[in-house]
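Naming convention: chains lettered A, B, ... in sequence-line order (proteins, then strands); numbering from 1 in each chain.
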2 protein chains.
Amino acid sequence: MSGRITIQRVAELADVSKATVSRVLNGYPHVRPEVREKVQRVIRETGYQPNNIARLLASDRSSIIGFVISSSAQMVFHDPYFPALTEAVSDAAGDRGLIMALFMSHADGQGQKTVNSILAAGLFDGLILTADANGASIFPQQLAPDLPVVFIGRPSHADGFHYVDADNVQGGYLATSHLIDLGHRRIATIGSNRNASGEDRVTGYRRALSQRGLAFDERLVAFGDYSLESGYAGMQTLLPYKPEAVFVASDTMALGALRALREAGLRAPDDIALVSHDDLPPAVQADPPLTTVQQPIARTGQLAVQKLERIIVQGGKAPVENTILPVKLIVRESCGAVESL
Amino acid sequence: MSGRITIQRVAELADVSKATVSRVLNGYPHVRPEVREKVQRVIRETGYQPNNIARLLASDRSSIIGFVISSSAQMVFHDPYFPALTEAVSDAAGDRGLIMALFMSHADGQGQKTVNSILAAGLFDGLILTADANGASIFPQQLAPDLPVVFIGRPSHADGFHYVDADNVQGGYLATSHLIDLGHRRIATIGSNRNASGEDRVTGYRRALSQRGLAFDERLVAFGDYSLESGYAGMQTLLPYKPEAVFVASDTMALGALRALREAGLRAPDDIALVSHDDLPPAVQADPPLTTVQQPIARTGQLAVQKLERIIVQGGKAPVENTILPVKLIVRESCGAVESL
DNA sequence: AGAGTGAGTGAAACCGGTTTCAGAACGGTG
DNA sequence: CACCGTTCTGAAACCGGTTTCACTCACTCT
């Protein structure tokens with residue numbers, strides 16, 4: 001940052017005041033066209049770049065938003081959901097001229113420290129938080145009461161927060177209904193009680209069952225943590241109870257479930273029909289390709305950023321309103337509705 | 001940021017000057033213990049948090065580093081390498097009190113814009129760049145000549161940059177040698193010419209062959225782009241030439257290769273032995289589990305951050321020195337060295 | 001007793017922008 | 001021609017810290 005050109009220097013070269021340069025920079029009116037022109041030329045010729053730090057200090061906005069993934073390292077590794085979501089948020093932020101700072105807060109004490117340092121920084125215009133899946137709550141409000149915050153995924157521990165989420169209940173409902181439509185009756189599920197999304201999907205599953213007059217059987221419900229391993233284990237738990245079909249609450253867990261089937265000498269969809277959730281790339285690549293509920297991840301990220309921006313602009317206190325995005329069933333081969341090759 | 005407590009306010013309450021508060025804050029000497037005590041008490045009682053923005057402006061350091069993943073969205077999605085690396089960098093940054101801003105720069109024009117905005121920000125103490133895999137070079141130097149930059153992965157387009165990389169040549173060498181040791185002679189490779197790492201791995205492959213007196217056969221070399229699909233296609237290209245063994249330059253491509261084998265009615269390692277590269281989680285989960293070259297990703301991230309920090313502290317001009325990290329062969333089942341279950 | 005020495009402190013300058021405010025220049029009215 | 005309302009502009013205050021510099025005040029050392 002040594003010999004950088006400052007607004008002062010530009011002002012001198014263009015023979016105007018700092019104030020005028022600032023006005024040109026920010027596109028304010030009340031600058032004579034020829035002056036504006038001249039300043040712009042100097043800016044171009046010198047390659048002047050305003051120092052954002054100074055700008056921030058003066059204007060009390062940083063244009064930086066924090067994106068906090070509060071989940072175990074395990075999951076971030078294993079489930080493409082997080083990379084996809086991260087990219088979505090990053091893109092949306094970029095589109096709106098915001099800089100995204102990413103934080104992966106681990107379950108351990110480190111996590112708390114990270115969040116504290118985030119807030120202490122006083123550096124962010126706002127935060128996007130993922131509803132955590134491990135019970136360790138992150139509650140920045142308690143520390144910085146008027147920092148704008150938007151959750152992605154319904155936060156399970158409290159109300160009163162802005163959030164954007166996919167319609168997980170509908171997801172579970174669609175998946176399960178589809179299996180019922182295909183004539184299955186003993187329908188199991190591998191869900192998750194690690195976060196609200198998981199719970200909601202199971203809720204949808206139960207709703208579909210009851211609506212179609214099928215009994216809910218505890219033994220046909222397994223819980224995982226979204227990891228491939230937990231899907232594998234979940235399916236092994238279910239197999240003794242001979243389900244005809246299974247709704248698995250994530251693609252990644254479905255991959256694990258498929259492996260369990262394979263090892264048991266069974267095949268989907270012939271022996272057991274499978275529908276999963278998320279529609280991430282592995283769903284297509286799986287063998288057989290997974291029928292799955294598509295979650296609009298990119299859109300989720302976009303909306304979260306937009307919502308956050310709106311809150312920021314409105315100075316923190318916007319009425320809490322949540323956005324639930326529709327989901328859609330993508331039929332592939334694992335459910336048996338289509339002839340596999 | 002409305003009614004926040006400022007250093008001025010703290011100074012008044014503690015009945016000292018701003019300068020003294022600042023000294024206490026930054027742990028400078030030459031403050032009487034009792035005064036220090038008093039200031040600290042006021043800080044504690046008021047819950048004062050220094051405004052970093054102001055601090056940055058005054059001290060010309062932001063403690064924010066940019067981490068730029070310049071790769072197609074595709075790859076970031078498909079290859080767990082990037083999430084793993086991101087986490088490594090994020091952790092390392094956090095450990096050293098730095099904030100990491102993540103940028104995913106796409107191949108399209110957007111990418112350039114992003115990078116420009118990064119630099120324009122004048123906000124970062126330094127940048128960590130991933131050596132890009134799509135030819136679209138990112139050359140911040142050209143714009144901000146003394147911004148500290150460290151690459152992860154040898155940048156293939158130019159010299160004179162600090163970088164940290166795994167010993168990819170050695171990786172290819174180890175993998176191929178292992179296959180030779182197992183008695184194979186017709187050894188193919190699915191490499192990549194999308195970046196230096198890919199090239200280096202192929203170099204290692206060739207070195208192993210020539211060192212053991214085996215001829216290099218062009219037809220036994222396929223190139224991919226690290227995606228699962230390209231591994232699949234690569235293997236299909238190779239199959240007509242009947243390789244006994246294949247060194248695949250990434251786990252993700254190896255998964256694709258495995259699928260191609262399966263579809264061709266072949267099994268690894270019985271029909272074709274496979275060794276891959278990276279040792280990411282999917283390597284263990286694959287069927288059969290992959291023998292693969294372990295890349296020290298976490299260490300890579302750490303070193304990159306450390307190196308960057310050193311450059312920053314030394315004020316930009318540190319002698320360029322690169323770090324090549326050793327790799328290690330992890331033997332599992334896909335190579336046939338171990339009895340599979 | 002007078003001269004150094006170094007610890008402890010505050011006033012003020014500074015970082016590089018934005019924003020307020022007042023004044024100059026200009027055109028249109030009465 | 002005096003008066004007023006715009007438009008355009010610059011000086012200066014301000015954002016909230018850090019850092020420099022000068023000064024005071026013990027406390028040694030001749």
Separation of [X] atom [atom1] from [N] atom [atom2], in whole Å?
X     : N      : atom1 : atom2 : value
A:I5  : C:dG17 : CD1   : C1'   : 15 Å
B:I7  : C:dG10 : CD1   : P     : 12 Å
B:Q49 : D:dG16 : CD    : C1'   : 14 Å
B:I43 : D:dG17 : CD1   : C1'   : 13 Å
A:R23 : D:dA11 : CZ    : P     : 11 Å
B:I53 : C:dT18 : CD1   : C1'   : 14 Å

Could you tell me whether the side chain of [X] and the main chain of [Y] form a donor-acceptor pair under 3.5 Å?
X      : Y      : value
A:T20  : A:V16  : no
A:S22  : A:K18  : no
B:N51  : B:I53  : yes
A:T86  : A:F82  : yes
B:D165 : B:R154 : yes
A:K307 : A:V149 : no

Within less than 4.0 Å of OP1 or OP2 of C:dT9, is there a side-chain N or O belonging to B:S17?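 Checking B:S17 against C:dT9: no side-chain N or O falls below 4.0 Å of OP1 or OP2.
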
B:S22 vs D:dT18: side-chain N/O to OP1/OP2 distance below 4.0 Å: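 B:S22 to D:dT18 OP1/OP2: side-chain N or O found under 4.0 Å.
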
All N/O pairs under 3.5 Å across the protein-nucleotides 12-15 of chain D interface:
none

Measure the angle between the two terminal helix axes of the helix from C:dA1-D:dT30 to C:dG30-D:dC1, five base pairs each, and quote it to 10°. 60°

Would you mind reporting whether [Y] and [X] have side-chain heavy atoms less than 4.5 Å apart?
X      : Y      : answer
A:L13  : A:D15  : no
A:I152 : A:L129 : no
B:V39  : B:Y48  : no

Can you list, in residue-number order, the parts of residues 26-35 of chain A that come under 4.0 Å of DNA chain D, counting heavy atoms only? A:H30, A:V31, A:R32, A:V35

Of B:R32, B:K38, B:R36, the residue whose pairing with B:E34 passes salt bridge (Lys or Arg N to Asp or Glu O under 4.0 Å): B:R32

I need the single residue from B:Y163, B:F161, B:F67 that forms a ring-ring contact (aromatic ring centres under 6.0 Å, His included) with B:F151. Which is it?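 Filter result, single survivor: B:F161.
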
Is B:V16 touching bases, backbone alone, or none of the nucleic acid, heavy atoms closer than 4.0 Å?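 Touches sugar-phosphate only.
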
